Amino acid sequence: MSGLKVYNSLTKKKEKFTPLQKGLVGMYVCGPTVYSDVHLGNIRTFISFDVIYRYLKYSGYKVRYVRNITDVGHLVGDLDTGEDKIAERAKLENLEPMEVVQKYANGFHEMMSIFNVSPPSIEPRATGHIIEQIEMVQKILDNKLAYVKNGSVYFDTIKFNKKYKSYGQLSGRVIEELFSETRELKNQNEKKNPADFAIWMKADERHLMKWNSPWSVGFPGWHLECSAMSTKYLGEKFDIHGGGNDLKFPHHENEVAQNMGACGCTPAQYWLHSNMLLMNGKKMSKSDGNTITAEQLFSGESEHVSKGYSPMVIRFFLMQAHYRSTIDLSDEALSAAEKGYRKVIEANRFLQSIKAVTETTINEIDTKVNQTIASVYDELDDDFNTPKALARIFELVPVINSFKDGKEEFKNLSQSTIANLQKCFSEVLFDIFGLQDEYESGSNNLSASLDGVMQLVLELRQQARANKDWATSDKIRDTLAKENIVIKDGKDGSSWSLN
RNA sequence: GGUCGGGUGGCCGAGUGGCUAGGCAGAGGUCUGCAAAACCUCGUACAGCGGUUCGAAUCCGCUUCCGACCUCCA
């Protein structure tokens, strides 16, 4: 229950998880910038935090999960004077900026739903919080940790670091080195030093997205929206802040600075960072063109895959790696995941169909199975170790299948052990990992009647087999196979499944 | 160049100072009319070179290769 340990990027250590308020967790995760279609790398991050969110809820916490949508403030190119990404895209597609935002936000939500990612408790947008952001800029100015230059406002990292000595703590950077490192290509005369960053930018005439402020007609700096919105919905101090590894610097580092600059306290207790999805050994990234969209993966229309893979196979594939490790996407790995997914889902399907078992005494095998079940949750308590938990689940699969086959050692599993297995598989696979049984194809009327038809077919085939009429029995099997229905002959009759 | 993280059996991926995950593929077997599925068994892997240790894939050093961040990025 409270045995959860999490790896904190701030301290670089695994720590016992203790929320600020007993039983309640506030979690903020950086969402997408909606200026183009999400790719699988983005999706991985949101699935990782979905599992974390689900596990926290499973563990009995009441979680307020805030995941924002950034629809302004991302700049293009090397310079802070660059065009806003959304505005840029709007020009390109000949759309109103808000149309761009809506279009890609819709696409994002659709993807999240396809991958069974739970919606957050609050999904705030940057453009909906301009006032809060302006107020935060003012607070930082009041605290003398920012300065105004030609209508733009810059965060004064030197002054901030003198006061708090903490700039760079999260990303492991030393502020002095940041100066010497920063390339001199910036025509950033407005900044006092290169490590400073804009929290409010004056917009020029051509800019499409701009708002009134005490300093100029302009727009907020990129990092500001997360600071403002996390404060608004979770308070100045909250429990977990998450995001992709690539956001650690400068985004999260600057976020911390802004929060401290405004309220004098560190925002999140625990910083969790998920690692990147790789393809061909390299980070999946739009700018490199090293990407694959989910649609391409579903349809198989990509040079990277030989066939299509379903959303749940992909989700299962991701569960096989720890969220803090990179994972390499490949055709071979996906097809291995597909088989593994099928195996565990089918074992579960049988498991859940077991009605009542004659109660027997608890024997050695029961004890062993129950220990393994307990270990599944221990693994998840250890920084959400899904691959280890999954390994334990797979140790239980042969137990279930052996029970099904009536194997001597397993046929007398007790009622309570079966119940524990059912609970464990259902909780871990569906509630925590967020998988779905794709072979079940819904509990609709069609599948129910199909099952009725299939029972008849299987019965007829069974008769044919009893009469050693192999021609008929094989014809049934082979014809069904062409329709992607697979017949499996077991000890106590046959079963079927959709391929 | 700076900072950080990695190199694990055919592939993907866990992991701990000694009890050597798991999935997929492969081999053999059981079952089966055949096939599939299922079940059982198997490979003794940890980049290289040194060192610490009774003992290291796991700790330290060096070498090498790869990646991430340092500029927008989940």
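Letters A, B, ... are given to chains in the order of the sequence lines, protein chains preceding strands, and every chain is numbered from 1. Computed from a prediction, not measured in an experiment: that's the story for all the values here.
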Under 3.5 Å, is there an N or O donor on one side and an acceptor on the other linking the side chain of A:N280 and the base of B:rG67?
->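 By the distance-only test, no, there is no pair.
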Looking at A:R477 and B:rA35, is any side-chain donor or acceptor paired with a base atom of the opposite kind under 3.5 Å? yes
Out of [options], which has the shortest distance to the side chain of [X]?
| X | options | answer |
| --- | --- | --- |
| A:A336 | B:rA14, B:rC24, B:rA74 | B:rC24 |
| A:E395 | B:rC39, B:rG22, B:rA36 | B:rG22 |
| A:T33 | B:rG33, B:rA74, B:rC39 | B:rA74 |
| A:K343 | B:rG13, B:rA74, B:rG23 | B:rG23 |
| A:D489 | B:rA74, B:rA35, B:rC39 | B:rA35 |
| A:N385 | B:rA21, B:rG23, B:rG15 | B:rG15 |
| A:A391 | B:rC70, B:rG22, B:rC39 | B:rG22 |
| A:D474 | B:rG33, B:rA38, B:rA74 | B:rG33 |
| A:I327 | B:rC11, B:rA74, B:rG13 | B:rG13 |
| A:R173 | B:rG22, B:rC24, B:rC69 | B:rC69 |

Between A:R173 and A:E253, does any NZ, NE, NH1 or NH2 come within less than 4.0 Å of an OD or OE carboxylate oxygen?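 Salt bridge: no.
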Practice task
Give the rounded distance in Å between these two atoms: CD of A:E255 and C1' of B:rA74.
Solution key: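 So the CD-C1' distance, A:E255 to B:rA74, works out to 14 Å.
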side-chain contact (heavy atoms from CB on, under 4.5 Å) test vs A:W271 passes for just one of A:V256, A:V6, A:T11, namely A:V256
[atom1]-based separation of [M] from [N] [nearest Å]:
| N | M | atom1 | value |
| --- | --- | --- | --- |
| B:rG13 | B:rG6 | P | 15 Å |
| B:rG9 | B:rA14 | C1' | 14 Å |
| B:rG23 | B:rG43 | P | 15 Å |

Per nearest nucleotide of RNA chain B, the residue lying toward the 5' end, A:Y323 or A:L40, is A:Y323
On RNA chain B, more 5' by nearest nucleotide between A:R465 and A:V399 is A:R465
Does any donor atom in the side chain of A:D71 or A:Y104 lie under 3.5 Å from an acceptor atom in the other side chain?
no
Going from NZ on A:K283 to CG on A:N290, what distance comes out if it is rounded to the nearest 0.5 angstrom?
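Going from NZ on A:K283 over to CG on A:N290, the span is 10.5 Å.
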- Query: When you measure from the centre of the six-membered ring of A:Y7, is the NZ or CZ of A:R324 under 6.0 Å away and within 45° of the axis?
  - Reply: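 Flagged: A:R324 positioned over aromatic ring of A:Y7.
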- [ ] Look at all strands and tell whether A:H322 reaches a base, only sugar-phosphate, or nothing, counting heavy atoms closer than 4.0 Å.
- [x]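 Sugar-phosphate contact only - A:H322 comes under 4.0 Å of backbone atoms but never of a base.
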